[in-house]
Amino acid sequence: MGGNKKTFEVPIESSVPSPDDFGVGVVVRDRHAEDGQYHRSFSARHIHVSPSDQYYALSSIPTAETSKIISLGGQIGAGLFVSSGKNLRDGGPASLFLAFATVCTCVWAMLQTVSEMTIAFPVSSNNIDFADRFVDPALAFAGGFSMWLGWTAIVAAEATFFSVLVNYWALDRINEAVWFTVFLVVMAIIFALPSKLFAWFEYVTSIMKIVALFVFIFAALAMVLGAGPTGSVHHGETWQNGLAFRNGFKGYSNPVLLAILAIGDNSFTGFLAGEAKTPRFSIAHAAMLIPIRVSVLYLISMVFIGLLVPATDEHLLGGSGVAASPFVIALEEAGISGLPDLLNVVILFAVAAIGAESVFVASRILRSMSHQRLIPGWVAKVDQEGRPTVALGITFAVAIALTYYNLSSGGITVFDWLAQIATTGYFSVWIVVGITSLRFRAALKAQNDPLFSQPYAWKCALWPLPPQWLLTCCSFYTGCSFYLALYPIGEDAASAYSFFQYMIGLILIVGLGLFYKLIFRTKLRDPAQVDLQTGRRVLTVEELKMLDEYYTMPGWRKFLGFIQLW
């Protein structure tokens, strides 16, 4: 934040009344002077994508190589390292793999869908802006709230992961409140530091995560082939006696929702695009690269976890023993001394990094909603360092409350609630993006807009399949949530407790969206009248020259450039 460059993040005209309170229902105007500014500082490597890259881009760390490390490491988090164990315990190895594979297809569909709109209109907080611009301000509010709710719940979930990892050594001998407090203090310290130090923290933890993951993959391959002190693993037992598809359809439904928790944050790429230097190049590459990265890293890891760790292991998250990461369990079962402890340390740092990113992302979403006057404008204020202090304070206060709520009925019980809230927040955003894409295309058609006939115009691949696939999958995820609400794993009958555990997120998001629409009487946007000009990015002479040179390169040169961005 900060700086003098003006972005295209200009709130569009809204039909919502009460401009004195919310600033909507007024003519288009520039609110950067009163709220603070963003600036375009993201390169193609930055956009490939860790939310922490925003801090990184504003620091003074050299951008040549470190951004690649952070962007790759940012896609490796506690959802992969820890909650995958609960997926395995609930559904078995086959359901575990299929659940992650399903969600990986949604990452592709999400990025294809949102990138088409983002390249044309690279505004900050684009998902929220597009929903307001092309559909309805109430949908923008619901979408923004679902994003904020999901990321804020992640902070409390990371606190649970932190406690799980520390108890690998502490063995539950110290009250969980101590570990939650330590985690929150670490978060507070991180946000009290200058942006440069935060960036270095993300850089170092990203290196640790990348190295640890690849060490595990190579060690797992060796163990599957019979290496290790014991010379044997459980890869035969895990697929026998009904364990491959444990708990039937319920055993797939719960892991697929938890897989959204693990992977869903990768959709945040489009939200950062308003600060990209060359959206046409960087966002287009991100739409291709990120699904490949996610699929390769997550699916290979899930294959090995499914081969090495029995679904009945008592140390998996939600089991009867002291919980641990399935990655750590796999190495420990093989009798490799030292490596399980080292991996646990790395995952501990990964949890801290993801927790800090989640606070930052959630506060930025809240600030963007305020900047568009979907909520009161005072929330958008930033300090002299460019930090959205009000949004940060609100987000951190809610995260603290959710974190300590873990103590009310046991960490794993509250984690189940937090996981469902975050999951619902993520796939609700996908629903908003799918609807927005269809309305965006309708507006282009209604106004006979020549967007796709312009030089190097970028289209969503196989449109309308990506938005339709998103909406189909999200309808399926909603059905899974409702099914589990009525028939939860391990229970014979439905209860109000299980119903609200799986449906509370949807109830909050849909309910508040409808409440907003009724209170402010928002109207559905007419495709023939929506704003297709504000924030429109026309390629500069320099960008056209760069793209000319890029597309005249031989295939092998393009491939090398693609690998470099990896």
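The figures here come from the full heavy-atom set of this structure, side chains too, leaving out hydrogens, waters and symmetry mates. This chain uses plain numbering: 1 for the first residue, then up along the sequence.
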Worksheet item: Once the angle between the rings of H285 and F281 is folded into 0 to 90°, is it parallel (under 30°), tilted (30 to 60°) or perpendicular (over 60°)?
Response: tilted

Worksheet entry | Six-ring centre of Y456, R280 cation under 6.0 angstrom, axis tolerance 45° | no

Worksheet item: Considering all heavy atoms of both residues, which atom of A419 and which atom of L258 are nearest to each other, and what is their separation?
Response: CB-CD2, 3.8 Å

Discussion item. For the backbone of A120 and the side chain of R537, can you confirm whether one donor and one acceptor N or O come within less than 3.5 Å of each other?
Written reply: no

Worksheet item: Do T534 and D531 have a side chain donor and acceptor closer than 3.5 Å?
Response: yes

Discussion item. Tell me whether the count of non-hydrogen atoms from other residues, nucleotides or ligands lying under 6.0 Å of CZ in F482 goes above 12.
Written reply: no

Worksheet item: Can you check side chain to side chain contact (heavy atoms under 4.5 Å, CB included) on M302 and L80, steps first, answer last?
Response: CA-CA 9 Å; M302 293 307 102; L80 171 66; 3.3 Å; yes

Worksheet item: Would a distance-only check, ignoring hydrogens and angles, find a side-chain to backbone donor-acceptor pair under 3.5 Å from S146 to G143?
Response: yes

Practice prompt. Using atom types as modelled and distance alone, determine if a side-chain donor or acceptor of S453 lies under 3.5 Å from a backbone N or O of P450.
Written response: yes

Worksheet item: Are the ring centres of F130 and F440 closer than 6.0 Å?
Response: no

Item to complete: Please report the C-alpha distance between W148 and T395 in whole Å, then the side-chain angles of each, then the deciding distance to 0.1 Å, and finally whether the side chain to side chain donor-acceptor pair (under 3.5 Å) criterion is met.
Response: CA-CA 8 Å; W148 176 80; T395 300; 3.1 Å; yes

Worksheet item: Backbone N or O of G377 within a donor-acceptor pair of the S370 side chain at under 3.5 Å?
Response: yes

Worksheet item: Does some side-chain heavy atom of L544 sit less than 4.5 Å from a side-chain heavy atom of T540?
Response: no

Item to complete: For residues F214 and L297, determine if any side-chain heavy atom of one lies less than 4.5 Å from a side-chain heavy atom of the other.
Response: yes

Worksheet item: Does the side chain of L524 come within less than 4.5 Å of R439's, by heavy atoms?
Response: yes

Worksheet item: If we only count heavy atoms from C-beta on, is the I421 to L402 side-chain gap below 4.5 Å?
Response: no

Worksheet item: Centroid-to-centroid, F161 to F81, below 6.0 Å?
Response: no

Worksheet item: Should we count CZ of F515 as having more than 12 external heavy atoms under 6.0 Å?
Response: no

Worksheet item: Between Q447 and V530, is there a donor-acceptor pair closer than 3.5 Å when you use the side chain of the first and the backbone of the second?
Response: yes

Discussion item. Keeping E158 on the side-chain end and G355 on the backbone end, is there a donor-acceptor pair under 3.5 Å?
Written reply: no

Discussion item. Please check this pair: side chain of T478 against backbone of C474, looking for a donor-acceptor N/O pair closer than 3.5 Å.
Written reply: yes

Item to complete: Decide if atom CH2 of W108 counts as having more than 12 heavy atoms of other residues, nucleotides or ligands within a radius under 6.0 Å.
Response: yes

Worksheet entry | Test item: side-chain donor near acceptor, Y502 and N254, under 3.5 Å | yes

Worksheet item: For residues S437 and W463, is any side-chain donor paired with an opposing acceptor at under 3.5 Å?
Response: yes

Worksheet item: Just by modelled atom types, is the A138 backbone N or O under 3.5 Å from a matching donor or acceptor in the K517 side chain?
Response: no

Worksheet item: Got more than 12 heavy atoms from elsewhere within 6.0 Å of CE, M546?
Response: yes

Worksheet item: Under 3.5 Å, is there a donor-acceptor pair between the side chain of Q420 and the main chain of M503?
Response: no

Worksheet entry | Modelled atom types, side-chain donor and acceptor of Y477 and T424, under 3.5 Å | no

Discussion item. Between D136 and R525 (salt bridge meaning N to carboxylate O under 4.0 Å), is one present in this structure?
Written reply: no

Practice prompt. Check whether any side-chain N or O of T423 sits under 3.5 Å from a backbone N or O of L257 as a donor-acceptor pair, and report yes or no.
Written response: yes

Worksheet item: If you draw the axis of the six-membered ring of F349, does the NZ or CZ of K209 fall within 45° of it and under 6.0 Å from the ring centre?
Response: no

